[in-house]
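Here's the structure we're looking at; comments come further down.
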Amino acid sequence: QVQLVESGGGSVQAGGSLRLSCVASGYTGPIRYMGWFRQAPGKEREGVAAMLTGASNTYYADSVKDRFTISRDNAKNTVYLQMNSLKLEDTAAYYCAAGQSVGFTPLSGRSYNAWGQGTQVTVSS
């Protein structure tokens, strides 16, 4: 089964930047798309960004559009989330996810079959 490991989380001041990384391993079937999700205390899990592995399509939640950028390096089995202009409300545990189905809803967790352990992002004033 797919295994995902995130890194890059930490503490940053509002307005700062972080880059999250997620490396995939342990799979035989192709990963067709990858995404980033987050969950803050007391809130529902939120889809942040997603992209296809075989095309350039990218998808973003309105709350992060124009601030976050998802990218990938298929040769390294890695997906990144560049987070700029961070806000207090971006504080959450961030999870990467991988999907292997042909069809998917980009920012729906139901479309993904593998999840990382999470990395904490804390934004302070």
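Predicted model only: the values in this text are computed from it and were never measured.
Considering OH of Tyr94 and CG of Leu81, their distance stands at 7.5 Å, rounded to 0.5 Å. A distance of 16.0 Å separates CE of Met51 from CZ of Arg32, quoted to the nearest 0.5 Å. Between Asn113 atom CG and Ser101 atom OG the span is 6.5 Å, to the nearest 0.5 Å.
In terms of heavy-atom proximity, Gly47 sits nearest to Ala61 at O-CB, 3.3 Å. Nearest heavy atoms, Ala98 versus Ile31: CB-CG2, 3.9 Å. In terms of heavy atoms, Val64 sits closest to Val48 at CG2-O, 3.5 Å. Across every non-hydrogen atom of Pro106 and Ala50, the tightest pair is O-CB, 3.3 Å. Minimum heavy-atom separation, Val2 to Ala24: CG1-CB, 4.4 Å. Closest of all the heavy-atom pairs between Ile70 and Gly35 is CD1-CA, 4.4 Å.
Remark: Ser7 engages no residue in a side-chain hydrogen bond (donor to acceptor under 3.5 Å, both in side chains) (not counting sequence neighbours). Judged as a ring-ring contact (aromatic ring centres under 6.0 Å, His included), and not counting sequence neighbours, the contacts of Phe37 are Tyr112, Trp115. The side-chain hydrogen bond (donor to acceptor under 3.5 Å, both in side chains) search around Glu46 returns Arg38, Ser63, not counting sequence neighbours. Residues forming a side-chain contact (heavy atoms from CB on, under 4.5 Å) with Ala55 (at least two apart in sequence, or on another chain): Leu52, Asn57. For Thr105, the side-chain contact (heavy atoms from CB on, under 4.5 Å) criterion is met by Ser108, Ser111, not counting sequence neighbours.
Taking a 4.5 Å side-chain heavy-atom cut-off between Ile, Leu, Val, Met, Phe, Trp and Tyr, the cluster of Val23 extends to Val5.
Under the disulfide bond (SG atoms under 2.5 Å apart) criterion, no residue pair touches residues 40-75, with sequence neighbours excluded. Screening residues 24-82 for disulfide bond (SG atoms under 2.5 Å apart) gives no qualifying pairs among residues at least two apart or on separate chains. For residues 14-125, the pairs satisfying disulfide bond (SG atoms under 2.5 Å apart) are Cys22-Cys96, with sequence neighbours left out. Sequence neighbours left out, the pairs with a member in residues 53-81 that pass ring-ring contact (aromatic ring centres under 6.0 Å, His included) are Tyr59-Phe104. The list of salt bridge (charged side-chain N to carboxylate O under 4.0 Å, His left out) pairs with a residue in residues 60-84, not counting sequence neighbours, reads Arg67-Asp90.
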Validation: residues 117-125 side-chain donor-acceptor distances under 3.5 Å, sequence neighbours left out:
{"from": "Gln117", "atom 1": "NE2", "to": "Glu6", "atom 2": "O", "distance (Å)": "3.3"}
{"from": "Gln117", "atom 1": "NE2", "to": "Glu6", "atom 2": "OE1", "distance (Å)": "3.3"}
{"from": "Thr119", "atom 1": "OG1", "to": "Gly9", "atom 2": "N", "distance (Å)": "3.2"}
{"from": "Gln120", "atom 1": "NE2", "to": "Ala92", "atom 2": "O", "distance (Å)": "3.4"}

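A single hydrophobic cluster is seen to contain both Met83 and Val79, as judged by linkage of ILVMFWY side chains at heavy-atom distances under 4.5 Å, directly or through other members.
Between Tyr95 and Arg45 the shortest side-chain heavy-atom distance does not fall below 4.5 Å. Residues Leu4 and Met34 form a side-chain contact, since some pair of their non-hydrogen atoms from C-beta on lies under 4.5 Å apart.
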